[in-house]
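Both ligands and their constituent atoms are indexed starting at 1 by order of listing. Everything numeric in this text was worked out from a predicted model, so none of it was measured.
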Amino acid sequence: YEFTRAITRRPSASITDGLRAEDTGTPDLDQMLRDHAHYVATLKKTGAEVVELPPLEDFPDAVFVEDTALCLPRGAVLMRPGAPSRMGEVAHMAPALRDFYDDVREIVGPGHIEGGDILVTGREILVGRSDRTDAAGVAELTRIVSDWGHNLREVFTPPGVLHFKTDCSLLDGDTILATQRLDASGCFDGYRVLHVADGEEAAANSIRFNQFVLMPAGFPRTAEMLDKAGFEVVEINNSECAKLDGGMSCLSLRF
Ligand code: CIR
């Protein structure tokens, strides 16, 4: 959770065509741009260098950069999204990663894996199988990260939940914020787990970035719980990304 850099991408007008499980309204670009600017400014406030890549009109979901790569201390891995419309985003991310990493590897398939299903903790890498991430994708990533000395553990994203990190986030090396439904699967046994408040499940897609916990706004009981637990919470409006099943983690690659 201590980072010196992040990569983001500005939302494009095509976000109105972004993928969503359920139609809850058309995202508003101006509002999303304001929220995105607040997000980027918050990351920068920690002293981190934040790369802001230009919008990609041809890829409506490209603002959700997290799904295109995994950034680790010794190298980065380009993902192979399970959503066909998102596959082409990866090639647009590759040059930005090569600016920072000498070792950039790639999931070549046939499996699929998206960054939203990967949680890196202080002791291991958890990967949740989901509609976007399959066994072959997990197996290919396992081979790559074991070269860099990481243990990877395959777990499962609850049915109906887009990504593993839709329902959890890392608060410190050993502490996880999670929904009850995900924690009930036992995947966090041995960790300290804080639960989001009942009815505030969407608050689980938060991120710890240096001194801050960036949280989607509108979940007051979870925000208060985190505050009492000693975390410095910054609430960021997420109404427009939420219409596309996106939250705080999706909007950046952090390393
Ligand atoms: C999608 O369905 O792929 C996008 N609309 C949302 C991606 C959210 N990404 C994430 O949770 N890491």
**Asked** Just distances here: any N/O of L244 and N/O of ligand 1 closer than 3.5 Å?
**Response** yes
**Message:** Test your reading of the structure: does S249 have an N or O sitting under 3.5 Å from an N or O of ligand 1?
**Reply:** no
**Asked** ligand 1 versus D245, non-hydrogen atoms closer than 4.0 Å: side chain, backbone, both, neither?
**Response** backbone
Quiz: residues 73-81 side-chain donor-acceptor pairs under 3.5 angstrom, not counting sequence neighbours:
{"from": "R80", "atom 1": "NH1", "to": "P110", "atom 2": "O", "distance (Å)": "2.9"}
{"from": "R80", "atom 1": "NH1", "to": "G111", "atom 2": "O", "distance (Å)": "2.8"}

**Prompt:** Measuring from the heavy atoms of R132, does anything fall under 4.0 Å of ligand 1?
**Reply:** yes
**Asked** Heavy atom of H163 under 4.0 Å from ligand 1?
**Response** yes
**Item:** Residue, atom name and distance, where the atom is the protein heavy atom closest to atom 4 (C) of ligand 1
**Value:** D61 OD1, 3.3 Å
**Request:** Please determine if E66 has a nitrogen or oxygen closer than 3.5 Å to a nitrogen or oxygen of ligand 1.
**Result:** yes
**Request:** Please confirm whether R20 comes under 4.0 Å of ligand 1, counting heavy atoms of the residue only.
**Result:** no
**Message:** Quick test: of every protein heavy atom, which one is nearest to atom 9 (N) of ligand 1, and how far off is it to 0.1 Å?
**Reply:** D67 OD2, 2.8 Å
**Item:** Pairs meeting criterion ring pair (Phe, Tyr, Trp, His ring centres under 6.0 Å) with involvement of residues 1-40, two or more places apart
**Value:** F3-F209
**Item:** Nearest-option assignment for atom 11 (O) of ligand 1, heavy atoms, candidates G18, S252, C250
**Value:** C250
**D174 with R123: basic N within carboxylate O range, under 4.0 Å** = yes
**Asked** Can K243 and D28 be counted as an ion pair, charged N to O under 4.0 angstrom?
**Response** no
**Prompt:** Should K44 and E52 count as an ion pair when the cut-off is N to O under 4.0 Å?
**Reply:** yes
**Request:** Provide the closest heavy-atom pair for C71 versus R254 in the form atom of the first, atom of the second, distance.
**Result:** CB-O, 3.9 Å
**Item:** side-chain contact (heavy atoms from CB on, under 4.5 Å) between E49 and F100, worked out
**Value:** CA-CA 12 Å; E49 174 190 357; F100 294 108; 3.8 Å; yes
**Message:** If you measure every N or O of G246 against every N or O of ligand 1, does any of those distances drop under 3.5 Å?
**Reply:** no
**Request:** State whether a side-chain donor-acceptor pair under 3.5 Å links Y191 with T121.
**Result:** yes
**Close-contact set for ligand 1 against G116 heavy atoms, below 4.0 Å** = 12 (N)
